[in-house]
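The structure presented is a predicted model; accordingly, all values stated were derived computationally and were not measured.
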Amino acid sequence: MAAGPIQFEITHICTQSGARTGVLHTPHGDVETPMFMPVGTQATVKFLSPEELYAISAGVILANTYHLWLQPGEDTVAMAGGVQKFMNYKGPMLTDSGGFQVFSLADSRKIKEEGVTFKNALNGDTLFLSPEDSIRIQNRIGADIIMSFDECIPYPADRRYAEQSMERTLRWAARGKAAHERPDEQALFGIVQGGDYEDLRLRCAEELVKMDFDGYAVGGTSVGEDKATMYRMVRWSVEKLPLDKPRYLMGVGAVNDLLEAVSCNIDMCDCVLPTRLARHGTLMTSQGRINIKRNIYKNDFTPLDPECDCECCRHYTKAYLNHLFRSHEGFGTRLMSIHNTRFLLKLMEEARQAIRQDRYNDFKAETLSRMKFDERGF
RNA sequence: GCGGCUGUGGUGAAGUUGGUUAACACACUGGAUUGUGGCUCCAGCAUUUCGUGGGUUCGAGCCCCAUCAGUCGCC
């Protein structure tokens, strides 16, 4: 294992599928891969306390550079001693670079070689974020893993734009790496872009590998493309990546997508899906999806998911969750967020187990047919 | 017993110089949701109907009569 802030140890390779398990050693503890990482944009996984995250065996959680930069500001987080101390999370953390906001806030930004001009949604101010700024802010926020500042392009994107954007993302990656001031304490990952173009994905990955990042991410997926396209983009993106470095598929959290990602030797995924779905009343269960606000659950006094070991499923009924949701009670949102997040964490625990037993392909097929989710995967 | 006011969908209620598809909100019923947009978005939701029964009119939730119900005041 090479020196550096994190070490990645591969512990088993499934003889049936080629999928792998591993351990990511970080300054804030070891986590097993492949793993799902809950998203806590504003230095909180919405509605969940750190204690609740420990209780459902969450490992790495995310925070977002862009959001923390706007509020409370990098100075405050730095004065707190870093984001982990600020929010009292004792496990490892990862910050997204703000690159996704280039995509998601497309109405109010301008992209230039130097960086991106945003409009602050909170007060209308014009703000500017460069790759160097993003890394500086992430250095001060202090997560264990930080991300290159990239551009996440929409789908579909024409080839000319995808190529120009990808080349710029490479230049931004190099600039960010040069600006990284804490390489011994924070791992920096590069992000593969290139849209739905094989040669662009391959080239982007190859160039990033030459720069020697601590890990590599696949970006630009889950932006409206169909599943076949997404899986194609992932496979092209990882083809040229070194096997001994961690691989992170960004923004993916549907069950079928997670299982496919593991097949591609993806070690890390993050997604807002479990918490967002919970807030809107949709629950993922071992029997398929449940919309808890439906009237059929009004007098259903059975657990949400009898196979789940979370606080919500062990102590509460669907009737109670239905009542809490209709009453707009935050406790219901909290319980359902716990469940959905635990559901994906447990799915990955089971995936790791199947890999260790050299039966990952069987597990994947059985799981997909058993859970009866639709094509979306939730 | 007398007088006033009110009666529109599950709820609150718009709706008079009488004129096509009865506003809006909430609730309700579905749906959406992938590097976060908690309190969001989309769609549906009174169509033999405006307490009931008559009448006037080409046409009535709107005008007239009766009646029932609720409510306030007086005796």
Side-chain angles (χ1 to χ4, degrees), chain A residues 36-48 60-68 70 93-108 121-122 134 138 143 145-155 169 189-193 217-227 229-231 233-234 248-258 260-261 266 268-284 289 291-298 322 324-334 336-337 340-341 344 373-378:
Chain A
F36 175 76
M37 307 183 290
V39 178
T41 303
Q42 312 251 30
T44 171
V45 178
K46 293 187 192 297
F47 287 89
L48 302 191
V60 178
I61 65 171
L62 266 69
N64 192 292
T65 301
Y66 174 77
H67 298 262
L68 294 180
L70 297 188
M93 287 189 67
L94 180 154
T95 43
D96 188 21
S97 63
F100 186 70
Q101 279 61 45
V102 172
F103 164 76
S104 65
L105 304 177
D107 293 338
S108 55
L122 299 177
S134 174
Q138 293 188 81
I145 300 170
I146 65 176
M147 301 301 299
S148 280
F149 187 64
D150 65 333
E151 182 192 356
C152 177
I153 62 172
Y155 176 86
T169 286
F189 282 25
I191 304 175
V192 181
Q193 291 288 350
V218 178
T221 66
S222 339
V223 291
E225 77 282 11
D226 57 70
K227 298 288 180 185
T229 302
M230 183 200 290
Y231 298 164
M233 292 194 291
V234 173
Y248 164 26
L249 176 58
M250 308 185 76
V252 160
V255 168
N256 51 5
D257 298 342
L258 289 172
E260 178 68 17
I266 294 288
M268 314 155 64
C269 287
D270 78 284
C271 198
V272 304
L273 198 62
T275 46
R276 178 182 294 170
L277 288 177
R279 288 196 300 278
H280 296 168
T282 298
L283 288 317
M284 296 179 280
R289 117 214 264 7
N291 187 341
I292 200 64
K293 60 189 168 188
R294 293 184 60 190
N295 214 19
I296 57 173
Y297 302 116
K298 181 172 169 55
N322 174 274
L324 291 177
F325 190 88
R326 289 170 182 266
S327 305
H328 303 106
E329 287 292 344
F331 183 50
T333 306
R334 184 176 125 212
M336 296 191 291
S337 295
N340 269 354
T341 305
L344 292 186
F373 290 124
D374 63 20
E375 199 265 344
R376 290 168 298 179
F378 57 84

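- In this entry B/rU52 has B/rA66 as its Watson-Crick or G-U wobble partner, both defining distances falling under 3.5 Å.
- Between A/Arg294 atom CZ and A/Thr282 atom OG1 the span is 11.0 Å, to the nearest 0.5 Å.
- One atom, CD1 of A/Ile292, and another, P of B/rC28, lie 14 Å apart when rounded to the nearest Å.
- Which of B/rG35, B/rA32, B/rU34 sits closest to the side chain of A/Leu273 comes down to B/rU34.
- Of the candidate nucleotides B/rU34, B/rU36, B/rA32, B/rA32 has the atom lying nearest to any side-chain atom of A/His280.
- To the nearest angstrom, C1' of B/rU33 lies 11 Å from CE of A/Met284.
- Regarding contacts with the backbone of B/rC28, a side-chain N or O of A/Arg326 is found under 4.0 angstrom from either OP1 or OP2.
- Using a 4.0 Å heavy-atom cutoff across all strands shown, A/Asn64 reaches sugar-phosphate atoms only and no base atom.
- For A/Ser104 and B/rU36, a side-chain-to-base donor-acceptor distance below 3.5 Å is absent, hydrogens and geometry of angles not being considered.
- Under a cutoff of 6.0 Å and an axis angle of 45°, A/Arg376 and A/Phe378 form a cation-pi pair.
- Among the heavy atoms of the strands, none lies under 4.0 Å from A/Arg334.
- Rounded to whole Å, the C1' atom of B/rA13 lies 13 Å from the corresponding atom of B/rC50.
- Side-chain proximity of A/Ile191 to the nucleotides B/rU34, B/rG35, B/rA32 is greatest for B/rG35.
- In this structure, A/Glu329 reaches neither bases nor backbone, as no heavy-atom distance under 4.0 Å exists between it and the strands shown.
- Residue A/Arg279 has no polar side-chain atom (N or O) positioned under 4.0 Å from OP1 or OP2 of B/rA32.
- Rounded to whole Å, the P atom of B/rC62 lies 12 Å from the corresponding atom of B/rG7.
- Both distances falling under 3.5 Å, in either a Watson-Crick or a G-U wobble arrangement, place B/rC26 opposite B/rG10.
- Rounded to whole Å, the distance from CZ on A/Phe325 to P on B/rC28 is 10 Å.
- For A/Gln101 and B/rU36, the shortest distance from a side-chain N or O to OP1 or OP2 is below 4.0 Å.
- With hydrogens and angles ignored, a donor-acceptor pair under 3.5 angstrom links the side chain of A/Thr275 to the base of B/rU36.
- Residue A/Thr282 places its side chain closer to B/rU33 than to any other of B/rU34, B/rU33, B/rU36.
- When distances are taken from the side chain of A/Val252 to each of B/rU33, B/rU36, B/rU34, the shortest belongs to B/rU34.
- In this structure, CD of A/Glu151 is placed 17 Å from P of B/rG35, rounded to the nearest angstrom.
- A/Asn295 has no side-chain polar atom (N or O) that falls below the 4.0 Å cut-off from OP1 or OP2 of B/rC28.
- One can place CG of A/Asp257 at 11 Å from P of B/rG35, the figure rounded to the nearest angstrom.
- Under 3.5 Å, the side chain of A/Arg376 and the base of B/rU34 form no donor-acceptor pair of N or O atoms.
- Rounding to the nearest 0.5 Å places CG of A/Asn340 at 10.5 Å from CZ of A/Arg289.
- Here A/His67 does not count as stacked on B/rU36, because the ring centres are not under 5.5 angstrom apart with planes under 30°.
- Distance check, rounded to the nearest 0.5 Å: CE of A/Met230 to OG1 of A/Thr221 gives 5.0 Å.
- Across all strands, A/Cys152 comes closer than 4.0 Å to base atoms (heavy-atom distances).
- One can place CG of A/Asn256 at 10 Å from C1' of B/rU34, the figure rounded to the nearest angstrom.
- Under the Watson-Crick or G-U wobble criterion, with both distances below 3.5 Å, B/rC39 is left unpaired in every strand shown.
- Of the candidate nucleotides B/rU36, B/rU34, B/rU33, B/rU36 has the atom nearest to the side chain of A/Asp96.
- Take the nearest nucleotide of RNA chain B for A/Gly220 and for A/Gly330: the residue whose nucleotide is more 5' is A/Gly220.
- Here B/rG30 is the nucleotide among B/rG30, B/rU34, B/rG35 with the atom lying nearest to any side-chain atom of A/Arg294.
- Rounded to a whole angstrom, the distance from the C1' atom of B/rC41 to that of B/rU16 is 39 Å.
- Spacing of C1' atoms, B/rA43 relative to B/rC58, comes out at 39 Å, to the nearest Å.
- A donor and an acceptor atom never sit less than 3.5 Å apart when one is taken from the side chain of A/Lys293 and the other from the base of B/rU29.
- Put simply, CG on A/Leu48 is 16 Å from P on B/rU36, counting in whole angstrom units.
- With a 4.5 Å cut-off on side-chain heavy atoms, A/Phe47 and A/Thr275 do not count as touching.
- Among the protein residues, A/Phe47 comes within range of the nucleic acid bases, having at least one heavy atom under 4.0 Å from a base atom.
- A/Arg276 places its CZ atom 18 Å from the P atom of B/rG31, with the value rounded to the nearest Å.
- Across all strands shown, B/rC2 forms a Watson-Crick or G-U wobble pair with B/rG73, both key distances being under 3.5 Å.
- If you check every strand for non-hydrogen atoms under 4.0 Å, A/Thr333 touches nothing.
- Side chains of A/Tyr248 and A/Asp270: a donor-acceptor N/O pair is present below 3.5 angstrom, by distance only.
- Between B/rG31 and A/Asn291, a contact under 4.0 Å exists linking OP1 or OP2 to a side-chain N or O.
- The separation of B/rU71 from B/rU29, taken at their C1' atoms, amounts to 35 Å, rounded to a whole angstrom.
- Annotation: B/rC72 and B/rA25 have their P atoms spaced 33 Å apart (nearest Å).
- Counting only distance, with no hydrogens or angles, the side chain of A/Thr65 and the backbone of A/Gln138 share no donor-acceptor pair below 3.5 Å.
- Using a 3.5 Å distance cut-off with no hydrogens or angles, the side chains of A/Asp257 and A/Tyr231 do pair a donor with an acceptor.
- Here the separation of B/rC28 from B/rU20, taken at their P atoms, is 33 Å to the nearest Å.
- Closest contact between the side chain of A/Leu277 and the listed nucleotides B/rG31, B/rU36, B/rU33 involves B/rU33.
- Side-chain contact annotation: A/Gln101 with A/Asn64, donor-acceptor N/O pair under 3.5 Å present.
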